[in-house]
Structure formats: C-alpha cells, structure tokens
There are 2 protein chains.
Amino acid sequence: MNQGAGKGANVSGLPVSRRLQQKEAKRAALVDAALKVFSRVGFAAAKMDDVAEEAGVSKGTVYLYFDSKERLFEAMVRDKMAPALDEAVESFTVSDSSATERLRQHLRSLYARMLDGDRRQIMRLIMAEGPNFPHLAAFYHQRILSHGQGLIRSIISQGVASGEFRKMEGHGLARNIAAGAIVAAIWKLVFDHLQPIELDSYLETHVDLVLNGLRA
Amino acid sequence: MNQGAGKGANVSGLPVSRRLQQKEAKRAALVDAALKVFSRVGFAAAKMDDVAEEAGVSKGTVYLYFDSKERLFEAMVRDKMAPALDEAVESFTVSDSSATERLRQHLRSLYARMLDGDRRQIMRLIMAEGPNFPHLAAFYHQRILSHGQGLIRSIISQGVASGEFRKMEGHGLARNIAAGAIVAAIWKLVFDHLQPIELDSYLETHVDLVLNGLRA
DNA sequence: AAAAAATGACTGACCAGTCAGTTATTTCTT
DNA sequence: AAGAAATAACTGACTGGTCAGTCATTTTTT
C-alpha cells in the first residue's frame, strides 16, 4: 500500500502523491520568488536568503530544490519562458485573413505577450546576464527569438505571394519588425518614469509604419 | 618661480604641471579599465582588484581617483558618453538635402555611432543596471535618448512640411524609428554568435522599411 | 515509529574599502 | 647644481562584513 494509492489517485487514475503535488507547488513558489528577487537586483546581487524569505521558507529548503544559485536562475528562465512559446503558437492558428490583417494581429499579440510583467523582466535579465550564461542566451534565442522570427517571416511570405507586400531583399527584416516591441518592453522597465510610453498609441504607430513600409 | 613655469608651460602658455597631465592620463586609464571589467561581468560581479590590475596599478590607487565602486561606474558612463553627444550634433549640421536623404544619412550615422564597441557595451550596462542607478538612467536618457529623438523628429517635421512624408499621429514615432538600431546593438552583444547580424544589409533593410513607411 | 521535509547556525571564500608605510617628484636651501 | 626637505602618488596587507552552500538537528507527514 505504499505509493499512496487510494486518496493519492487522481482523476486520470495515475497515483500522484500529495507529496509530489506539494513539492511541485513549492518549486513553483520558489521560482516565482526567484523571479522577483533577480528582477529587482540582477543575478550577482541577489541573495539566496532573500529568495527563501520571499517564498516563505528557509535558505536550506531552496537547496533541496535547486543545486545552486545558477541552477535556480536557469530554472526560472526556463519555467517562465515555456508558456510563451505555447501562447505564440496558439495565437498563430493559421487563418484565411489577408497578410496585412494577420501581421497587424500578430504584432498586437506580440506586444501583449512581451509587455507582460514577468516576461519583459526576463528579457531584460537575458540581456543583462546573457553573456555570462551562454546556454541561457542560446535557449532564449532558440525558443523565443528564432521561433518568433519564423512566424513573422511566414506572414511576410504570404503577403509577398498575394501581392500585398513588396519583396524586400536585405537581411533581418523580421528582427527589424519586432524591434519596436523589444524596445518598448525595455523602455518600460528602464526609462518609463522619465518619458512614459503610451503603449496603445505606440503600438499603432509601429503597425502603421511597418505595414506602410511593406506595402507593395 | 613657483607654479612650475618653464618646462611646465605648454604651447598655450598656460602652466600645466606634469603631475596634472599624468593624473588625467591615469584617470582615463582607470576609466578604460573599468569599462572593460564592467562590460565583461556587470557591476555587481566586477572586482576593484581587477580594474586595478587591468589599469596596471594597485587597488589603493583606484580609491585615490574614485571614492567607491559606484562612483567609478558612474564616472565611466559619463566619460564615455560625453563624446557621443558632440558627435551626434556634429553629424547633424543642417544641410539643404531632402528630408528623405537626411533621414537616410542620419540612420547610417546612428548605426555607426551606436555600434561602436564601447558605446553598445554601455548601452547594455544601462539597461542591465539602470534600475539600480536611477540618476545614470536619467543622465543617459537626457543626454542621449531624448536628444536623439529630437533630431529624428526635426527631420520628420521637415519631411512633412515638404510633402515627402505623411503626417503620423501616434506617439513614439522617433523611438520606433530608432528601435532597429538599438536592437541591432544589443543583438550583436548577446546573440550574434548564434545568429549573426549582417550590419550593412540590416541597416539598408531598416532604412528602406522606414522611408517607405513614412512616404506620403 | 520511520521517513521525508524543513530548518538555521555555521563555515570558508570573497571582496570593498582603509591606512601605515614606501617610492617618486617637486621645491627649497646653500 | 647638489643635496635636503616637503609633498604627492602609490602600494598591498589587512579588516569587517557578506553570502553561497552545508549539515546536524527539529518538525511534519505517512
């Protein structure tokens, strides 16, 4: 009767011990706490004690879940970024709209996703600490940036095929189109108190500029 | 005969002691060393010993020139950013070219200035450490970003007046136009090894997109 | 009662900042 | 001009505090 069968069985019939659920919940709490602390002060200045306190546990407990500060940082980035990929793909269900309309929609959803509080903090952390965490930079590039460029490129291809957009030859068109959103996200974290970004208006300017720039 | 006249006098006739010259040179060397070390590892992880070694002096000497690690960091940002302002203004001598041509030129010069090795490192540091150094973020915003937006806006006004550009209403047009360059600078530092930016081509794409986007 | 989870005092490495002492440069004296 | 005295620049061992990571003990769960 070990393995907690009985009250440990969940709807799917698989035995999931109360222990494991709690462990998972605590791990998530620690990741949340880590995000807060790392966002506030950066990797090097963050204290494991503060992460522990933020999560309502003692420092020793943090080390039951993560081997080291670096591992905690990495786990945080991975955990918090995983949903972004799913969202991007989900929001991208191929529709039969025009490329113009799809690009407009895509940029709106990009802003919504990037300007999410957690996400832009992580983006800033990647830029700040990326050179010290090469595999995290690679992970972020592969899972988010590379994928995101692919989506934009596919819309552009459609638009070129349909005659809505002109064919542009140079490199980096997708990055160029996404740049406005990236800058908005960072700006909001670093300079917003000095010169606020009015996001809706900024977004519309961006969409307007890009769509006109691409028009055939 | 005090004040070191004679061999202490320089071409302008003003007495400049050997001491002061050397002191100024050493200060500059320390700022250079600081830039290297801070760029490599960020503010918190940088060691004053490393800065000293990089400059070829002992740690104590660093403290003869700068009161603290923070002050050194601030001095570095200020010293290294001062020339950027002058350059921007210089490169902006009002010409009688069309707004289209002026914007093209301006973007090229913006890329050239931003992608300067030192400068993009500092931009990255500001983004990474800005929230912890509010007055530095303010300094950077005022001296670089705000000013830069003004230059772009003035070209756009000319273009609207001359009928080259359409009038765009939303906020943040100047930021949007500069965004491509900002992203390029950061990309080159963090992701270039994963997906290189071919700068000339990227720049031309950007110019092309923006000019078409603005066209009346 | 046994096992698992959590604790927090502790250790050892690290590093910003100091300062008593050393070296280099300039000024004064003869 | 040559040495003596004064001043400025520099050094690096040291201190005090901090913090990642450990582990013997306590608490909670089963």
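Small disclaimer: the values here were computed from a predicted structure and weren't measured.
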Over how many whole Å does the gap from [X] atom [atom1] to [N] atom [atom2] extend?
X        : N       : atom1 : atom2 : result
Leu64(B) : dT11(D) : CG    : C1'   : 9 Å
Lys23(A) : dA3(C)  : NZ    : P     : 16 Å
Gln22(B) : dT23(C) : CD    : C1'   : 14 Å
Arg27(B) : dC10(D) : CZ    : P     : 14 Å
Glu24(A) : dA5(C)  : CD    : C1'   : 16 Å

Original post:
Hey, is the side chain of Ser58(B) poking within less than 4.0 Å of OP1 or OP2 on dC10(D), counting only N and O atoms?
Top reply: no
**OP:** Indicate whether OP1 or OP2 belonging to dA5(C) is found under 4.0 Å from a side-chain N or O atom of Lys26(A).
**Re:** no
Original post:
Which heavy atom of Tyr202(A) sits nearest a heavy atom of Asn176(B), and at what distance?
Top reply: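 The pair with the smallest heavy-atom distance is O-ND2, 3.6 Å.
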Original post:
What string of B, S and - do you get for nucleotides 16-21 of chain D 5' to 3' if you count protein non-hydrogen atoms under 4.0 Å?
Top reply: ---SBB
Original post:
At under 4.0 Å between heavy atoms, what does Phe66(B) touch on the DNA or RNA strands: base, sugar-phosphate, or nothing?
Top reply: nothing
Subject >> Donor-acceptor contact present, side-chain Glu198(B) to main-chain His171(A), <3.5 Å >> reply: no
Original post:
Is any NZ, NE, NH1 or NH2 atom of the basic residue among Glu204(B) and Arg108(B) found under 4.0 Å from an Asp or Glu carboxylate oxygen of the other?
Top reply: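 Answer for the salt bridge query: yes.
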Subject >> Carboxylate-amine/guanidinium proximity below 4.0 Å for Arg27(B) and Asp79(B) >> reply: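 The answer is yes: the pair qualifies as a salt bridge.
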Subject >> No-hydrogen, no-angle side-chain donor-acceptor test under 3.5 Å, Arg102(B) and Gln105(B) >> reply: no
Original post:
Is it the case that Arg113(B) and Ser109(B) place a side-chain donor and acceptor less than 3.5 Å from each other?
Top reply: yes
